[in-house]
Number of protein chains: 2
Amino acid sequence: MKISRTEDLRLDCQYCPVRHRAICAASDDSEFATLNDIKFYKSIPAGQAVARRGERLNVVASIVSGVATLSKTTVDGRMQITGMLLPSDFIGRPGRDTCEHDISAVTDLTLCCFRRRPFEDLIECAPAIRRRLLDIAFDELDAARHWMLLLGCLTAREKIVSFLMLVLRRSTLPEDVDQPVQIDLPLSREATASYLGLTIETVSRQMSRLRKEGLIELETARRVIIPDTSRLEAELENAD
Amino acid sequence: MKISRTEDLRLDCQYCPVRHRAICAASDDSEFATLNDIKFYKSIPAGQAVARRGERLNVVASIVSGVATLSKTTVDGRMQITGMLLPSDFIGRPGRDTCEHDISAVTDLTLCCFRRRPFEDLIECAPAIRRRLLDIAFDELDAARHWMLLLGCLTAREKIVSFLMLVLRRSTLPEDVDQPVQIDLPLSREATASYLGLTIETVSRQMSRLRKEGLIELETARRVIIPDTSRLEAELENAD
DNA sequence: GGATCGTCTTGACATGGATCAAGGCAGCGC
DNA sequence: GCGCTGCCTTGATCCATGTCAAGACGATCC
């Protein structure tokens, strides 16, 4: 990721949509002011790589808007998406200058970046940021291990339902939980397949099957309506 | 895990076998002395649970000797081992009082424990311990995500070879890399299967197949001789 | 030694999901 | 409109791995 040029865009942090969930969430006024000073925004168009495995990565960042994926690929081209990154999620690793994953912008992406070295210095003297970072790391670790259960033990159907429920949870929810809910899938069939350890055909077939059973409606391939959330969730009664 | 009673055993840290790899690895003399003061050992016999998912866990610990597993189980009994914990590995999560996983002692286990609250206070004022903890968390995260590639993309054969190579890497290695190496598998076939997202029969069959092909020898089911490390590693040329 | 138990191996068969192949559909440029 | 392109769906078939079942092996106890 080139960081030579900051974007014109420069919101004041207090208007930031991820203010209360990102790395800055727990910061007091003074830490917050420091972050505000050293941050810079970066826009990345859909489809473009944010960073590649093995590459130097001299920034850390929060996602302000858009969706990105973390992935790994075998020598012969099999790919596993190891994480779906949504607004407020954290990118990069303090204390490490190379990137372990391919990071790709799935949609247009706005990142709130910090150069890595100053950020590393900052966490030494900013306890709230440091605690938040540690918490983020452990949360991600729990999520990754939970995904291992999905990859290792669940059926294709359960994987799809889990994915739908995950997107549902991370969507901005309407108050009325029992009404039909509409969600927009952030990933293509191909990316979904890779995230779930399936093929694109299996994803498609299982979606169709859920549709035929009335558990979901497909307004388009990417727009799903869930008539009854609890009925879909009940599909996971044996899993999870 | 009951922590009401400390064990008699109380090594001085300077003789500790995991001194240079565990949470204390980077500590200076003063931090080290503090850790030495507040630590206590705990022995757990093979087969016993260290902690169960959802349980309160008011300690964090380093493994001094022995092998443990992290695992999750579905409602209907499918189990995924999400981590194999070897000496120097860290158990527990500062800032969280309940346990996300089942933690089981595979062999007899010696843990170097710290009560969670004092440990949380300590990391606020002990920068080396704090940095080490953050590094451990990110290392575990990278490892978990790497394992997702294994679970989602690799064949049974590749999974087995990856597992053998993992055990080999974490074993105390002889200097002479090109000589036949003997490794003792820390996990039973059942645990291995669960770790790799396979069944016990598939594990057994793939091991036999590797044996028939001369890539490994099985002195017993748990003791493996690798006549030529590089030839085994070459089996992963397309994976990883 | 023989009985018992847990663990591992092997064989026969079943099946969920992969692979291969064809076609549908929406968006876009001309 | 028409053709092109990318993405998605569906069908037919295959195969890697799971399932079920039997027996081998080694440790332990008597």
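Chain naming here is simple, since letters A, B, ... match the order of the sequence lines and numbering starts at 1 in each.
Between the CG atom in A/Leu196 and the OG atom in A/Ser162 there is a gap of 8.0 Å [rounded to 0.5 Å]. A distance of 8.5 Å separates CG in B/Leu151 from SG in A/Cys153, rounded to the nearest 0.5 Å.
The separation between B/Arg222 atom CZ and C/dT7 atom C1' is 9 Å, rounded to whole Å. Distance CD1 (B/Ile160) to C1' (C/dT9): 14 Å, rounded to an integer number of Å. Rounded to a whole Å, the CD1 atom of A/Ile216 is 14 Å from the P atom of D/dC8. Rounding to whole angstrom units, CG of residue B/Leu198 and P of D/dG18 are separated by 5 Å. Distance CG (B/Leu185) to P (C/dT7): 15 Å, rounded to an integer number of Å. Atom-to-atom, CD of B/Glu190 to P of D/dT19 comes out at 13 Å; the value is rounded to the nearest Å. In this structure, B/Lys212 atom NZ and C/dT9 atom P are separated by 11 Å, rounded to whole Å. The separation between A/Glu219 atom CD and D/dT9 atom C1' is 18 Å, rounded to whole Å.
Distances shown here put a side-chain N or O of B/Ser208 below 4.0 Å from the OP1 or OP2 atom of C/dT10. For A/Thr202 and C/dA18, the shortest distance from a side-chain N or O to OP1 or OP2 is below 4.0 Å. Distances shorter than 4.0 Å separate none of the side-chain N or O atoms of B/Arg78 from OP1 or OP2 on D/dG18. An OP1 or OP2 oxygen of D/dT9 is reached within less than 4.0 angstrom by a side-chain nitrogen or oxygen of A/Ser204.
Among the atoms of the strands shown, none is found under 4.0 Å from any heavy atom of B/Arg209. A/Arg211 comes within contact range of the sugar-phosphate backbone alone, with a heavy-atom separation under 4.0 Å but no base atom that close. Across all strands, B/Thr220 comes closer than 4.0 Å to no nucleic acid atom at all (heavy-atom distances).
Considering only side-chain atoms of B/Thr155, the nucleotide from C/dA18, D/dT17, D/dT9 that sits closest is D/dT17. Closest contact between the side chain of A/Ala221 and the listed nucleotides C/dT9, D/dT9, C/dA18 involves D/dT9.
One cannot find a donor-acceptor pair under 3.5 Å joining the base of C/dC8 and the side-chain atoms of B/Glu201. Within 3.5 Å, a donor on the side chain of A/Arg205 pairs with an acceptor on the base of D/dG11, or the reverse.
Note: A/Tyr195 and A/Trp147 have parallel aromatic rings, judged against thresholds of 30 and 60 degrees for the angle between ring planes.
With respect to B/Arg223 and B/Asp184, a salt bridge is recorded, a charged nitrogen being found less than 4.0 Å from a carboxylate O.
A/His146 and A/Asp240 share a donor-acceptor pair across their side chains, judged by distance under 3.5 Å alone.
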